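Structure, as structure tokens:
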Amino acid sequence: MKVWAYVFITTRQPRKVVQTIRQLPGVAKADALFGSPDAIAIVEGEDIASMDAVIDRIVEVPGVEGTDSKVARWIS
């Protein structure tokens, strides 16, 4: 079962950071936001560990100043 998370991103370069993050494997969607936080990404993985690895790659993107991740779960 896939797991996913919303990653809220703080940056001073939202356009550049979002364009880079969109290229990372495991990122389903990434967009710049008006206000705070500056950007959001939806990441997914086959399990928590693989999803965490995607988040770790986001943290390493130049220009990313901070992240706050929230694991999501499907409610039917």
Side-chain angles (χ1 to χ4, degrees):
M1 179 172 73
K2 284 197 175 192
V3 293
W4 67 95
Y6 295 91
V7 182
F8 301 96
I9 303 159
T10 303
T11 180
R12 293 184 185 183
Q13 303 170 325
R15 174 177 281 196
K16 184 176 181 181
V17 165
V18 166
Q19 289 173 341
T20 302
I21 289 171
R22 285 179 177 163
Q23 304 305 311
L24 297 175
V27 174
K29 185 167 178 66
D31 291 303
L33 302 174
F34 288 105
S36 182
D38 305 299
I40 187 171
I42 301 172
V43 302
E44 61 186 11
E46 293 300 321
D47 52 28
I48 293 288
S50 63
M51 183 192 62
D52 279 343
V54 178
I55 296 169
D56 290 343
R57 286 193 294 274
I58 289 173
V59 170
E60 295 171 353
V61 168
V64 171
E65 296 175 2
T67 62
D68 182 25
S69 304
K70 304 295 180 193
V71 176
R73 67 181 177 121
W74 178 260
I75 299 175
S76 53

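None of these values were measured; they are calculated from a predicted model.
- Both V61 and M51 are assigned to one and the same hydrophobic cluster, defined by single-linkage of ILVMFWY side chains at heavy-atom distances under 4.5 Å.
- Looking at residues two or more places apart in sequence or on another chain, you find a side chain to side chain contact (heavy atoms under 4.5 Å, CB included) between K2 and E44, E46.
- Expressed to the nearest 0.5 Å, how far OG of S69 lies from CZ of F8 amounts to 9.0 Å.
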Hey, mind stepping through R22 and D31 against salt bridge (charged side-chain N to carboxylate O under 4.0 Å, His left out) and telling me if it holds? CA-CA 9 Å; R22 285 179 177 163; D31 291 303; 3.2 Å; yes
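- In the hydrophobic clustering of ILVMFWY residues, with side-chain heavy atoms under 4.5 Å counting as a link, Y6 and V27 come out apart.
- At least one donor-acceptor pair under 3.5 Å links the side chain of D38 to the backbone N or O of T11.
- When the side chains of ILVMFWY residues are joined at heavy-atom separations under 4.5 Å, either directly or via intervening members, I21 and L33 end up in two distinct hydrophobic clusters.
- V18 and V7 end up in different hydrophobic clusters when Ile, Leu, Val, Met, Phe, Trp and Tyr side chains are linked at under 4.5 Å.
- For the atom pair L24 CG and I55 CD1, the distance stands at 12.0 Å (nearest 0.5 Å).
- Counting only residues at least two apart or on different chains, the salt bridge (Lys or Arg N to Asp or Glu O under 4.0 Å) pairs with a member in residues 50-71 are R12-E65, D68-K70.
- Residues V54 and V3 share a hydrophobic cluster, clusters being chains of Ile/Leu/Val/Met/Phe/Trp/Tyr side chains in contact below 4.5 Å.
- Taking OG of S36 as the start and CD1 of I9 as the end, the distance is 12.0 Å to the nearest 0.5 Å.
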